[in-house]
A.B. asks: 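Questions regarding the structure given below will be posed in turn.
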Amino acid sequence: MSLKLGVIGTGAIGQDHIRRCSQALLGSQVVAVTDINLESAAKVVGDLGLGAEVYPDGRALIQAAEVEAVLVTSWGPSHEEFVLAAIAAGKPVFCEKPLAVTAAGCRRIVEAEIAHGKRLVQVGFMRPYDAGYQALKAVIDSGRIGEPLMLHCAHRNPRVGENYKTDMAITDTLIHELDVLRWLLADDYVSVQVLFPRKTSKALAHLRDPQIVLLETARGTRIDVEVFVNCQYGYDIQCEVVGESGIARLPEPSQVQLRSEAKLSNAILMDWKERFIAAYDVELQAFIDGVRAGQVGGPSAWDGFAAAVAADACIEAQNSGQIVRIELPQRPGFYA
Ligand code: NAP
C-alpha cells in the first residue's frame, strides 16, 4: 500500500516534491494538497493529473483521515504551526528548511516531539543525502586522513535577486553548510566570526557580498566558509577537509570532460536545483521508506534546532564583527 501524503505549499519546491512523490519515487501517493492560494493548488493538481483533493488550509489537510504523512513546503514562517499540528495529530512530517524561523520555534517542536515519545519529524536538509558528501564522510570516518583539523568551504551562487538581504547569506545560504558540516564532523559549533572582504561591484547596494564565516567546533576544528552569492560564473559548492595525515575534497559533480578548440574543460553548473537533484530524491525516498517502516530518520528536529541556534549566532556576528559564542544545550537522549 502506498503512503498517502498531504502537501502544504504548492510553490516551487512543493511542486518539485509533489512530482517526485507521485512520479519518480516508490511507495507514495499525493492524495491532498493545499496552498494559501487555493487556485494555484488546484492548478498543480490539474497540471500533474493527480486526482488529489484540495483542502482549504494546512490544518484541515493535517486532520484529514486520508492523509497518513505530511510534507510542509510552504514559506518558512508557516512551518512551525504546521509541524506542531502534525505532531499533535501523531502524523509523520517532512518539513522543508527552516524547521522554524527562530531557534525558540525549533525548540518548541523538539519539545512537542519528545512529549509525543517517538520521532515524527524529518527536516529537508538534503546535503547529507548527496553521494559526494556521503563519500567524503566515509573517508573521514575511515580515519584515512586522520582527525580533521581544518575545513575550507565555499558556497557560491551566480547572482541573487533584489529581495536577497545580507542576513539571508546565513538563513538561506550558509544554513546548508551549518547542517551538513556538523553532520560531516559529528561535532557541534562553539563560536563564529563573520568577516566582510572587499565588496564585489556586482552586488546590489544593500547587500554585503562576499562574506567569510569562521566557525570553531567543540573539538577545535576550524572551518572557513566563503559565501559569495554574486560570483557570476556558476553555482559552486566546495569543501576541503584537511586532516592530520591527508586531505579529502568533496567530488565535483560528474560532467563530460571536453577537449575542444585547444582547451580541456568541464562545465560548471549554474542552477542549485541541478547540483542536488539526486539528493532531493534520496531524502524523500528515505522519508517515505522510514514512515512505512515505522521509523522516521534523517535530519531531526534537533538538527533543525542546532542549525537555527548557529544561524542566530552567525547573524549576531555579522552585525557585531565580534567572535560570538554558539551555545547549544545538551542534546536530549531522545535524539542520540
Ligand atoms: P515559494 O515558491 O514561495 O512557495 C511557497 C508556497 O507556500 C507559495 O505558494 C506560498 O503562497 C505558499 N504559502 C505561504 N504561506 C502558506 C500557508 N500559510 N499555507 C499554505 N501555503 C502557504 O517558495 P519555495 O522556493 O517553494 O520554498 C518553500 C520552502 O522550501 C522555504 O522554506 C524554502 O526555504 C524551502 N526550500 C528549501 C530548499 C532546499 O534546498 N532544501 C530549496 C528551495 C526551497 P504565496 O506565494 O501566495 O505566498
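Throughout, residue positions are numbered sequentially from 1 according to the sequence presented. Start at 1 and go down the list; that is how both ligands and their atoms are numbered.
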A.B. asks: Is atom 3 (O) of ligand 1 near the protein, in the sense that some protein heavy atom lies at less than 4.0 Å from it?
C.D. replies: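 No, there is no protein heavy atom closer to it than 4.0 Å.
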A.B. asks: Given side chain to side chain donor-acceptor pair (under 3.5 Å), test Q238 with R249 step by step and report yes or no.
C.D. replies: CA-CA 8 Å; Q238 299 290 327; R249 281 189 76 94; 2.6 Å; yes
A.B. asks: Is there at least one pair of N or O atoms, one from N37 and one from ligand 1, spaced under 3.5 Å apart?
C.D. replies: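 In fact, backbone or side chain, N37 has no N or O that close.
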A.B. asks: Is the shortest N/O to N/O distance between G124 and ligand 1 below 3.5 Å?
C.D. replies: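 Yes, G124 has an N/O under 3.5 Å of an N/O on ligand 1.
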A.B. asks: Run the side chain to side chain contact (heavy atoms under 4.5 Å, CB included) test against S78 and tell me which residues pass, sequence neighbours left out.
C.D. replies: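 By the side chain to side chain contact (heavy atoms under 4.5 Å, CB included) rule, S78 matches S74, W75, F82.
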A.B. asks: Consider ligand 1: state whether an atom of it lies below 4.0 angstrom from any non-hydrogen atom of H79.
C.D. replies: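 Within the 4.0 Å threshold, so yes.
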A.B. asks: Drop me the distance from D224's CG to Q193's CD, to the nearest 0.5 angstrom.
C.D. replies: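 CD of Q193 is found 12.0 Å from CG of D224.
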A.B. asks: Report the part of A12 (side chain from C-beta onward, or backbone N, CA, C, O) that has a heavy atom under 4.0 Å from ligand 1; answer both or neither where that applies.
C.D. replies: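 For A12, backbone and side-chain atoms both sit under 4.0 Å from ligand 1.
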A.B. asks: P98 near ligand 1, heavy-atom distance under 4.0 Å?
C.D. replies: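 Yes, that is the case, since the closest heavy atom of the residue is under 4.0 Å from the ligand.
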A.B. asks: Name the closest protein heavy atom to atom 15 (N) of ligand 1, giving the residue it belongs to and the distance to 0.1 Å.
C.D. replies: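 Of every protein heavy atom, W75 CD1, 2.8 Å lies nearest to atom 15 (N) of ligand 1.
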A.B. asks: May I ask you to say whether R182 pairs ionically with D303, meaning some side-chain N is under 4.0 Å from a carboxylate O?
C.D. replies: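 A salt bridge links R182 with D303.
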A.B. asks: Are any of the heavy atoms in E81 under 4.0 Å away from ligand 1?
C.D. replies: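 It does not; every heavy atom stays at 4.0 Å or beyond.
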A.B. asks: Is any N or O atom of F82, backbone or side chain, closer than 3.5 Å to an N or O atom of ligand 1?
C.D. replies: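 N/O-N/O distance below 3.5 Å does not exist for this pair.
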A.B. asks: Counting from 1, what ligand 1 atoms have a heavy atom of T73 closer than 4.0 Å?
C.D. replies: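 Within the 4.0 Å cut-off of T73, ligand 1 contributes 5 (C), 28 (C).
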A.B. asks: Out of V190, D188, L215, which one pairs with I326 under the side chain to side chain contact (heavy atoms under 4.5 Å, CB included) rule?
C.D. replies: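 Passing option: L215.
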A.B. asks: Which ligand 1 atoms, with their elements, are less than 4.0 angstrom from a heavy-atom of S78?
C.D. replies: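 Within the 4.0 Å cut-off of S78, ligand 1 contributes 18 (N).
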A.B. asks: Does a donor on one side chain and an acceptor on the other come within less than 3.5 Å for D289 and Q285?
C.D. replies: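 Judged by distance alone, the side chains do pair up.
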A.B. asks: What I want to know is whether M126 and ligand 1 share at least one N or O pair that is separated by under 3.5 angstrom.
C.D. replies: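 No, since none of the N or O atoms of M126 sits under 3.5 Å from an N or O of ligand 1.
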A.B. asks: Do ligand 1 and D35 have nitrogen or oxygen atoms that lie under 3.5 Å from each other?
C.D. replies: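 Min N/O separation from ligand 1 is below 3.5 Å for D35.
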A.B. asks: Does R19 pair with D16 as a salt bridge, N-O distance under 4.0 Å?
C.D. replies: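 Yes, this pair counts.
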A.B. asks: Quick check: Y280 and ligand 1, any N/O pair under 3.5 Å apart?
C.D. replies: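 Between Y280 and ligand 1, an N or O pair is found under 3.5 Å apart.
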A.B. asks: Does D130 pair with R275 as a salt bridge, N-O distance under 4.0 Å?
C.D. replies: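 Salt bridge present between D130 and R275.
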A.B. asks: With only distance considered, is I13 within less than 3.5 Å of ligand 1 through an N or O on each side?
C.D. replies: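 Yes; the residue has a nitrogen or oxygen that sits under 3.5 Å from a nitrogen or oxygen of the ligand.
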A.B. asks: What class does the angle between the rings of Y280 and W272 fall in, given that below 30° is parallel, 30 to 60° is tilted and above 60° is perpendicular?
C.D. replies: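 Aromatic pair Y280/W272 classed perpendicular.
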A.B. asks: Which protein non-hydrogen atom lies closest to atom 47 (O) of ligand 1, naming both residue and atom, and how far is it?
C.D. replies: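 It is I36 CG2, 3.3 Å.
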A.B. asks: How does D57 reach ligand 1, by side chain, by backbone, by both or by neither, if only non-hydrogen atoms under 4.0 Å count?
C.D. replies: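 Neither; nothing of D57 gets under 4.0 Å from ligand 1.
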A.B. asks: When you measure from atom 23 (O) of ligand 1 to the protein, is at least one non-hydrogen atom found at a distance under 4.0 Å?
C.D. replies: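 No; the ligand atom in question lacks any protein heavy-atom contact below 4.0 Å.
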A.B. asks: Just to verify, what does F125 make a ring pair (Phe, Tyr, Trp, His ring centres under 6.0 Å) with, not counting sequence neighbours?
C.D. replies: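 F125: no ring pair (Phe, Tyr, Trp, His ring centres under 6.0 Å) contacts found.
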A.B. asks: Which residue from G14, G11, S74, G9 reaches closest to atom 29 (C) of ligand 1 through any of its heavy atoms?
C.D. replies: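 Shortest heavy-atom distance from atom 29 (C) of ligand 1: S74.
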A.B. asks: Please report whether ligand 1 has a polar contact with E96, defined as an N or O pair separated by less than 3.5 Å (distance criterion only).
C.D. replies: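 So ligand 1 has an N or O lying under 3.5 Å from an N or O of E96.
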A.B. asks: Looking only at heavy atoms, is any part of K97 under 4.0 Å from ligand 1, and if so is it the side chain, the backbone, or both, or is it neither?
C.D. replies: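 The answer is both.
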A.B. asks: Determine whether any heavy atom of G76 lies closer than 4.0 Å to an atom of ligand 1.
C.D. replies: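 Under 4.0 Å: yes for G76.
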A.B. asks: Measuring from atom OG1 of T173 to atom CG of D167, what distance do you get when rounded to the nearest 0.5 angstrom?
C.D. replies: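 With rounding to 0.5 Å, OG1 (T173) is 10.5 Å from CG (D167).
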A.B. asks: Assess whether a salt bridge exists between E39 and K43, defined as any Lys/Arg side-chain N lying under 4.0 Å from an Asp/Glu carboxylate O.
C.D. replies: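 Salt bridge absent between E39 and K43.
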A.B. asks: Only one of T34, N37, D35 forms a side-chain hydrogen bond (donor to acceptor under 3.5 Å, both in side chains) with T10, so which one is it?
C.D. replies: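 The single option meeting the side-chain hydrogen bond (donor to acceptor under 3.5 Å, both in side chains) with T10 is D35.
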A.B. asks: Can you find an N/O atom of W272 closer than 3.5 Å to an N/O atom of ligand 1?
C.D. replies: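 The answer is no, given that W272 and ligand 1 share no N or O pair closer than 3.5 Å.
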A.B. asks: Report yes or no: do F287 and V72 belong to one cluster of Ile/Leu/Val/Met/Phe/Trp/Tyr joined by side chain heavy-atom distances under 4.5 Å?
C.D. replies: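 No, it is not one cluster - the side chains of F287 and V72 are not joined through contacts under 4.5 Å.
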